[in-house]
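Hydrogens, waters and symmetry mates are skipped; everything else that's a heavy atom, side chains included, is used. Bear in mind that the values here come from a model prediction, so they are computed numbers and not experimental data. A note on names: the letters A, B, ... follow the listed sequences, proteins ahead of strands, and every chain is numbered from 1.
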Protein chains: 2
Amino acid sequence: MTTLKLRILFDDAMLGPGKAQLLARIRDTGSISAAGREMGMSYKRAWLLVEEMNSAFRDPLVASARGGPGGGGARLTEAGEAVLSLYAEILDRARRATADQIALLEAMLRGGPDMSEGK
Amino acid sequence: MTTLKLRILFDDAMLGPGKAQLLARIRDTGSISAAGREMGMSYKRAWLLVEEMNSAFRDPLVASARGGPGGGGARLTEAGEAVLSLYAEILDRARRATADQIALLEAMLRGGPDMSEGK
DNA sequence: GTTAGATATGTTTCACGGAACATATCGACC
DNA sequence: GGTCGATATGTTCCGTGAAACATATCTAAC
């Protein structure tokens, strides 16, 4: 239902839901283009995001290869795995740390719960 | 330096940094247009955001008045104050709950700290 | 040396959200 | 009753970021 989106703004780079999910799909599919397809984005865009990430971090997060059987492919590097799992942990921690307050907000929404009565 | 942006997506409404800051400025300035000006947005846009918030929540967050001395004005309702302070608390809790992991990410950035050496 | 499939980039087109512009309205005060 | 400053809304204009389109390139395998 209610979801939390979280974006981390570094000095000259940012990491948000889009890049994180892209990393996850690349890990699962072994391909930038397949990952992009699954997310409904063009290969161009997916590749651009990968490029951003690779150049923002000291070590590249995604290693890609051209040619070969299947035409090539991509996989997460150790750094890529680390970033992805850190992001997941950050999201999870943030969610759990704020669940109560978010519930309070939800209760104030129109058409939400309560609707006022005295039980 | 590194900042955290956080957006809450309800079923058919969302609350993020923009609306939260707008609420804060309205509280401080007592005017939608002044708040908008401070944030570099047109009155139209500021008013639109207020409209969204007022209709999303059971009780309006901003009460506005036309005419009168000064031409009118706007102020936060009790609900508005509550939402604003809940959002601030959510942001604060999220920040503190994720500080360690974010620091780890920062350490992996290019041009960031370390640069590898053996102290 | 041809095929295949994915990476790697450049260029052009285009939709859309916001900016800009334009008005109408309200009410205390003088 | 005219002025003022802010709210309230509609309409048009326009820049920017994404989509679409177009290629070029690479290499394992056959």
Side-chain angles (χ1 to χ4, degrees), chain A residues 5 7 9 12-57 59-77 79-80, chain B residues 5 7 9 12-57 59-77 79-80:
Chain A
K5 296 217 172 181
R7 176 156 308 185
L9 283 79
D12 38 18
M14 63 171 77
L15 183 60
K19 294 212 187 99
Q21 190 176 15
L22 185 61
L23 283 182
R25 305 265 178 147
I26 289 174
R27 180 194 50 192
D28 294 344
T29 63
S31 155
I32 295 177
S33 69
R37 262 196 307 276
E38 284 190 2
M39 294 178 63
M41 69 172 68
S42 66
Y43 170 77
K44 173 74 177 272
R45 173 154 179 65
W47 175 82
L48 210 64
L49 293 175
V50 167
E51 181 66 17
E52 275 182 45
M53 289 189 279
N54 277 351
S55 65
F57 286 88
D59 302 310
L61 308 189
V62 174
S64 58
R66 305 203 271 195
R75 59 179 187 78
L76 294 197
T77 63
Chain B
K5 296 217 172 181
R7 175 156 309 186
L9 284 79
D12 37 19
M14 64 171 78
L15 182 60
K19 293 213 187 99
Q21 190 177 15
L22 185 61
L23 283 181
R25 305 265 178 145
I26 289 175
R27 180 194 49 191
D28 295 343
T29 63
S31 154
I32 295 176
S33 69
R37 262 196 306 276
E38 284 190 3
M39 295 180 64
M41 69 172 68
S42 66
Y43 169 78
K44 174 74 178 274
R45 173 152 179 67
W47 176 82
L48 210 64
L49 293 175
V50 168
E51 181 67 17
E52 275 183 45
M53 289 188 279
N54 277 351
S55 66
F57 286 88
D59 302 311
L61 307 190
V62 174
S64 59
R66 304 203 270 195
R75 57 176 190 78
L76 293 198
T77 63

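Not one side-chain nitrogen or oxygen of S42(B) sits closer than 4.0 Å to the OP1 or OP2 atom of dG18(C). For the pair S33(A) and dG5(C), the criterion of a side-chain N or O lying under 4.0 Å from OP1 or OP2 is not met.
Heavy atoms of A34(B) sit nowhere under 4.0 angstrom from any nucleic acid atom. Note on G72(A): only backbone sugar-phosphate atoms sit closer than 4.0 angstrom, heavy atoms only; bases stay farther off.
Listed by residue number, the members of residues 20-31 of chain B with any heavy atom below 4.0 angstrom from DNA chain D are S31(B). Within a heavy-atom distance below 4.0 Å of DNA chain C, the residues of residues 44-53 of chain A found are K44(A), W47(A).
Side-chain contact check for S31(B) and T29(B): no donor-acceptor pair (N or O, by modelled atom type) lies under 3.5 Å.
The side-chain heavy atoms of L15(B) and R7(B), taken from C-beta on, include no pair separated by under 4.5 Å. Residues R27(A) and R75(A) are not in side-chain contact: their nearest non-hydrogen atoms beyond the backbone lie 4.5 Å or more apart. Looking at heavy atoms from C-beta onward, K19(B) lies in side-chain contact with E52(B) at the 4.5 angstrom threshold.
The distance from atom CZ of R75(B) to atom C1' of dA6(D) is 16 Å, rounded to the nearest whole Å. The separation between Y43(A) atom OH and dA24(D) atom C1' is 12 Å, rounded to whole Å. Nucleotide dC26(C) holds its P atom 6 Å from the CZ atom of R66(B), rounded to whole Å.
Here the closest heavy-atom approach between residue Y43(B) and residue I32(B) is recorded as CE1-CG2, 3.6 Å. Closest approach of M39(A) and G18(A) over heavy atoms only: CE-O, 3.9 Å. Looking at every heavy atom in both residues, L23(A) comes nearest to G80(A) through CD1-O, 4.4 Å. Closest of all the heavy-atom pairs between L22(A) and G36(A) is CD1-N, 4.3 Å.
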